[in-house]
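For reference, the structure is listed below as C-alpha cells.
Convention: sequence-line order gives letters A, B, ...; per-chain numbering from 1.
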Amino acid sequence: MLRAAFKNIWAHKIRSGLLSLAILAGVSFVVAAFVFTDTIGEAFDDLFSEAFAATDIQVRREVDPELSFGLPERMPEDLIEQVKNIPGVDGAWGTVLSPYGQILDAQGDLLPTAGPPTFVTSWSGGPSQFTIRDGRPPVGVSELMLDVGTIERAGFAVGDTVEMLIGGPKRSFTLVGSLGFGEADNLLGTSWALFDLETAQQLLDATGQVDAIEITIEPAGDLDTVIEAVDAVLPSGIEAVSSQSVAEEQTSQVKEGLGFLNTLLLAFAGISLFVGVFVIYNAFRIVVAQRTRELGLLRAIGATRGQVTSSVLFESAVTGLIASLFGVGAGVLLAMVMQVLIEVAFGGDLPSGGLQLQVRTVVVALVTGLTVTMISALLPAIRASRISPMAALRDVPTVGTRKSWRNRVIGGTPIALLGAAAIAGGLTGLDVADLSPALLVGIGAGLVFIGTYVLSPLVARPVARIIGVPMRALSNATGNLAQRNAARSPRRTAATAGALMIGLALVATVSILAASTRDTATNAIEEAFTADLLLQPPGFGFIGFSSEAISAVATLDDVDLITGVQAGPAKVLGSTTLVAGVDPAVVGEFLSVETIDGSFEGLGGNRIATTQSVADDKGLELGDPIDVGFARTGAQEFELAAIIDIASATDVSWFMATTTFSANYIEDTITQAYVRLVEGISIERGRTAIEAALEPFPGIQVIDQEELRDQISSQINQVVYLIFGLLAMSVFIALLGILLTLLLSVYERTHEIGLLRAIGMSRPQVRNMIGLESVIIAIFGALLGAGLGMAFGWALVAALADQGLQLSIPWGWLFTGFLGAALAGILAAAWPAYRASNLNVLEAISYE
Amino acid sequence: MTEPSSAAASARGVTKIFGEGETAVTALNNVDVTFEAGRFTAIMGPSGSGKSTLLHCMAGLDRVTEGQVFIGDVDLTDLADKPLTHLRRDKVGFVFQAFNLVPTLNARENITLPMDIAGRKPDADWLAHVIDILSLSDRLSHKPSELSGGQQQRVAAARALASRPEIIFADEPSGNLDSKSGTQLLQFMEQAVQDYGQTIVMVTHDPLAAAHSDRVVFLEDGHIAGDMFDPTAERILDRIKTLEG
Ligand SMILES: Nc1ncnc2c1ncn2[C@@H]1O[C@H](COP(=O)(O)OP(=O)(O)OP(=O)(O)O)[C@@H](O)[C@H]1O
Ligand SMILES: [Mg+2]
C-alpha cells in the first residue's frame with residue numbers, strides 16, 4: 001500500500017506538490033517561531049551567564065520582578081564597605097544604572113534608535129560583563145566610555161567629544177575608551193555609556209546610592225556560606241543572591257518577552273494552517289470525486305470500505321509528512337531571514353550562538369503537519385469509502401440534491417451561531433471553560449468561518465452569476481462560460497473561495513479596527529485638544545525629555561502656557577499599566593477633562609484619578625483604596641480622589657499629580673508637553689521661538705495638531721501593514737488553493753476544452769475563460785471575507801465602545817483588498833489557463 | 001438537388017505518420033481526395049485504416065506529415081494556430097461521436113456557441129429553421145445532461161449547421177445512438193445537403209449510415225481504396241467484402 005501511495009503521489013506530482021506547499025507554509029511558520037525564539041533565548045542564556053560569570057554575588061533590593069520593569073531599586077553606598085569586610089568576600093563594587101540616556105551624533109542630532117534604550121552606568125573597576133577594547137576607563141566628570149557597536153554606528157573615535165542628554169540639557173564628554181561584551185560588539189542594539197561611579201551617581205541623581213553591589217569571593221570561599229554571611233549584614237529589603245541566579249532570572253525574563261513573539265508567530269502559523277485545511281480538504285474532495293469510477297471499480301473487485309478510506313488517508317499522510325519535512329527546512333530559513341530583518345531594524349547584531357533546531361521543534365512540526373493533512377483528508381476519505389461499486393458502471397455522479405442543501409442549513413447555521421456566541425462571550429469577558437478571552441474569540445472566529453463555509457455553497461451560484469454579469473458584458477462567450485463554470489459546482493467554488501475568505505476577513509477586521517482607532521484618536525484631537533503646539537520625543541523607542549526643557553520654553557514671551565505630561569509603567573490593582581503624571585490645575589486647559597465625581601484639581605499626595613469607564617469596569621467608588629506598585633518606590637496605597645471623563649489620544653486611564661509622579665519615578669522624563677501661544681502669535685513664529693529655546697535639548701519635536709494626527713495615523717498604518725504582511729501568508733495559501741482547484745478542473749474538463757478549441761475557441765479565449773472563472777471565485781471569497789470581516793470589525797469596535805472607540809470603515813483599504821483578491825485570482829489562474837490553452841485538441845476529444 | 005460544383009475540401013498527397021523510428025505508424029499514405037461542395041460524402045474502412053486521422057487532418061485539427069490540405073482554396077498546411085482556429089470557427093462544423101456539447105450551457109447556447117465565440121450574431125431565421133427541422137424547439141433550455149443521446153447529437157448537428165459552415169465533418173455521429181435516433185440524425189444531414197447545399201463529410205462503420213450519402217470513399221491501410229457514387233447498403237457490403245477478401 002505504501003508503494004501504491006507513493007506511486008499515486010508521484011503520478012500526480014503537480015497536485016501533490018501544490019498540496020505540500022499549502023502544508024509546508026503553515027509548518028514553516030511554526031518551525032520559524034520556535035527556532036527564532038529558541039535561538040535568541042539560547043543566545044541570551046549564553047550572554048547573561050557570561051556577563052554574570054565575572055562576579056559571584058549580587059546585592060540588590062528585593063523587588064517584585066513584575067514590578068521592577070528591569071530597574072533595580074537603590075540602596076545606600078556605605079553597604080559596599082560593610083560587605084567588603086565580610087570573611088570570604090574578595091572584592092565588592094557598587095554600580096548605578098539607568099536606561100534613560102540619549103547620545104547625540106557628530107551633527108548634534110539624536111542618534112537614531114529603533115527601540116533598544118541607551119544605558120547610563122558606572123565603570124565599577126571590578127570584573128564585569130564589559131571588556132575594554134580600546135583606550136582606558138573614564139575618570140572624572142568629563143569622561144566616558146561607549147560600547148563598540150554604538151561607536152561604529154555613530155562614527156566616533158576614541159578621543160572625540162561626545163554629547164549626551166541625561167536628564168537635563170546636553171552635556172559634553174570626552175570618549176576615552178571603547179568596550180565590548182565578551183566577544184560581542186553590541187548587546188541587542190542597546191547603547192552603553194559608562195562613567196566613573198561618582199559621575200554616574202551625579203548624573204543619575206543617585207549621590208550616595210548604588211543600584212547594585214557586585215561581589216567576588218575568595219577562591220577558597222564557599223558561595224552559599226558567603227551569600228548567607230552577606231545577607232546577614234544587609235538591612236531588610238536588601239538581599240544577596242548568586243550572580244548565576246540573576247543570570248537565570250534575566251534569561252527567563254527575556255524568554256518571557258520572546259514568548260509573546262512566539263505566541264504571535266504561532267497565531268499566524270495557526271491561521272495559515274487553518275487556511276491550509278480548507279485547501280487540502282477541497283483538493284482531496286475533488287480528487288476523490290474524479291476517481292469515483294476507479295474507486296468504484298476497486299470496490300467492485302472486492303476492496304473493503306476500510307481499505308478505500310485508508311488508501312486515501314495514507315496518501316494524505318505521506319504527502320503531509322514529506323511536506324512537513326520540507327516545512328522544517330523552510331522554517332529554519334525563515335528564522336534566519338527574521339533574524340536578519342530584526343538585526344536591520346534594531347541596527348545591531350543579535351547575540352548569535354548558532355541556530356537552535358531542537359528535537360521538540362521538529363516533533364511539533366511533523367505532528368502538526370501530519371495531523372492537519374490527515375484531518376483535512378478525513379472527510380474526503382470517508383466519502384470515498386461510501387462510493388458504491390455501481391459507480392464504476394455509472395457515468396458522472398450528480399451532486400447537490402435538495403437534501404444536502406437542507407443538511408447544509410441545518411449543519412452550518414448552528415456552527416456559525418455558536419461561533420458568533422463564542423466571539424461575543426470572549427469580547428464581553430465571559431469565562432467559558434477557563435479559556436482566555438483572546439482564545440475564545442479565536443475559536444469563535446474559526447467556528448464562524450466553518451459555518452459560513454458550510455453555508456456558502458447555497459449562495460455560490462447566484463453570487464457567481466451576479467459577479468459574472470460584467471464579465472459577460474466584457475466578452476460574451478468566454479464570460480458566460482467562465483461564469484457557468486464557476487457556478488457549475490457551487491461546493492467546489494465555495495470551498496475554494498472559503499480559503500481566501502479567511503485571509504480577507506482578517507484583513508478587513510484589522511483594517512476596521514485600525515481605522516476606527518485612528519479616526520477616534522484623531523477626532524479626539526480635533527475636538528478636544530486645544531494646544532497650539534506639542535513637544536514630544538522623536539517617536540517610537542525614544543524616552544521622554546527633561547523637565548528643564550519645559551522651563552526653558554515657559555520663559556518665552558510668545559508662550560502663554562505650557563504643561564508637561566509624564567507617563568510610566570506601574571502595577572495598578574494587580575495589573576501592569578501606564579499611569580500619567582499631570583498638573584491637574586493646568587491640564588484641563590489643553591484636554592477636555594470633565595470631573596464626574598470627586599476633585600481632579602485636588603490631586604496630589606497619594607491621591608489618584610481614573611476614568612469613568614475604568615471605574616465602572618472595576619466597580620470603583622470615590623475614596624476606595626487603590627494599590628499601586630512602582631519600580632523605584634515599591635507598593636503604595638493610593639486613594640481614588642476623582643472619577644473623570646477625559647478626551648485624550650492616549651489610552652492612559654490613571655492620573656496623578658506631577659509631584660506624586662516625580663516622587664515615585666526618579667527619572668525626570670516628560671513624555672509630552674502642551675503649549676499655548678500668546679494670543680496673536682502665529683504657530684510658525686511660536687514654533688521657531690520654541691525650537692530656538694530647545695537648542696540645548698536636541699531631539700524634541702515641536703509639532704502642531706495636524707502633524708500629531710498624521711503621526712498617529714502613520715504609526716497605526718505601520719502596525720496594520722505589518723499585520724497585512726503576516727496575513728499575506730494565508731492569502732498565499734488560499735491562492736494555492738485556487739490554483740489547485742483550477743488545475744484539477746482543467747484536467748476534469750479536458751474533453752470540454754478540447755471541444756471548445758475544435759469548434760473555434762482561440763487560445764487567448766480559453767485563457768480568458770479560465771482567468772475569469774478564477775476572478776469570480778476570488779471575488780466570491782473576497783465578498784464573503786469582507787462581509788465577515790466587517791461584521792467582526794464592527795463587533796470588536798462595539799465591544800470597545802465604552803473606551804470611546806467609534807466605528808469607521810476604511811473603504812479605501814477594503815477596496816484595495818478586493819482589487820488585490822481579483823488580481824490574485826488572475827495570477828493564480830495563469831498556469832492552469834496556460835495548460836488549458838495548450839491542451840492537445842485531438843487528445844482532448846479522443847473518446848477514452 | 002444542387003449540382004456539385006467546386007471542391008469544398010481536398011487532400012493532396014497527404015501522408016500522416018505518428019511517432020518516430022521503430023514505433024512509427026503510417027496512418028495515411030499519400031492520400032489524394034477531393035470533397036465536392038454540396039455533397040454528402042461518407043468515409044469507410046476497417047478499424048485503424050486512417051479514417052479519423054484523415055478527418056482530423058482535413059478539418060485542421062491535426063497537422064499532416066507531408067502533402068497539402070485545402071478548405072475551399074485555403075491551404076491549411078502551414079497555417080498558424082490562430083488563423084487555423086478562426087478557420088475552424090468560421091468555416092468548419094463538427095459532429096463527434098460523443099462529448100459534443102458543453103455541459104454548462106443549455107441546448108440553445110450550445111448551438112450558437114461558435115458564433116458567440118466569434119462575437120457574431122446568429123442569423124435568427126436560419127437558426128429557427130435549423131432548430132425546427134431538428135425538432136429541438138421544446139428542448140432549447142435544457143442542459144445536455146437533461147437530453148437523450150439522440151437529442152444531444154441533434155443539438156451537435158444543429159450547432160454544426162447553424163453557422164452555415166463551408167463544410168461539416170462528422171466522425172461516427174450515430175455510433176452511440178440506437179438505430180431509430182441514428183436514422184433520424186442521418187436523415188437530417190441528408191436533408192441539409194439536399195435542401196441547403198451543405199457539404200458534409202462523415203466517417204462511419206455502418207453501411208446503412210453510409211447509404212444516406214452521395215458518395216463513399218473507401219480507406220484501407222492509410223490509402224484510398226476506391227469510391228462509390230449513389231451507394232446503397234448492399235453495394236457497400238459487397239464492396240467491403242471484396243476489399244477484405
Ligand atoms: N495519436 C496517435 N499516435 C499514434 N498512432 C496513432 C494515433 N492516432 C492514430 N494512430 C494510429 O493510426 C492509425 C489510424 O488510426 P485512425 O484513428 O485514423 O483509425 P480509424 O480508421 O479511425 O479507426 P476506427 O475505425 O477504429 O476509429 C491506427 O493504426 C492508429 O493506431
Ligand atoms: Mg476512428
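Contacts between B/D81 and chain A at a heavy-atom distance below 4.5 Å involve the side chain alone, from C-beta outward. For a residue to count as touching a neighbouring chain, one of its non-hydrogen atoms must lie under 4.5 Å from one of that chain's; by this rule B/K91 does not touch chain A. Heavy-atom distances place no part of B/L84 under 4.5 Å from chain A, backbone and side chain included. For chain A, no part of B/N110 is nearby; none of its heavy atoms comes within less than 4.5 Å.
In this structure, OG1 on B/T104 lies 5.5 Å from CD on A/E752, to the nearest 0.5 angstrom. Residue B/I117 holds its CD1 atom at 7.0 Å from CG of A/L481, rounded to the nearest 0.5 Å.
Under the 4.5 Å side-chain criterion, counting only non-hydrogen atoms from C-beta, A/R484 is in contact with B/L105. For the pair A/N480/B/D116, no side-chain contact is recorded, criterion being any heavy-atom separation below 4.5 Å from C-beta on.
No option in A/I759, A/L755, A/N485 other than A/L755 meets the side-chain contact (heavy atoms from CB on, under 4.5 Å) test with B/V102.
Of all heavy-atom pairs spanning B/R89 and A/G760, the tightest one is CD-O, 3.3 Å. Nearest heavy atoms, B/F94 versus A/A758: CE1-O, 3.1 Å.
In B/Q68, the CD atom is crowded: over 12 heavy atoms of neighbouring residues, nucleotides or ligands sit closer than 6.0 Å. More than 12 heavy atoms of other shown residues, nucleotides or ligands fall within 6.0 angstrom of atom CG in B/D138. The environment of CZ in A/R767 is crowded: more than 12 heavy-atom neighbours from other residues, nucleotides or ligands sit within 6.0 Å. The local environment of OH in A/Y747 is sparse, with at most 12 non-hydrogen atoms from other residues, nucleotides or ligands closer than 6.0 Å. Other residues, nucleotides and ligands contribute over 12 non-hydrogen atoms within 6.0 Å of the CZ atom of B/R63.
In this structure, B/R88 contributes its side chain and A/R757 its backbone to a donor-acceptor pair below 3.5 Å.
The candidate from B/H86, B/K82, B/R159 with the greatest count of non-hydrogen atom pairs under 4.5 Å with chain A is B/R159.
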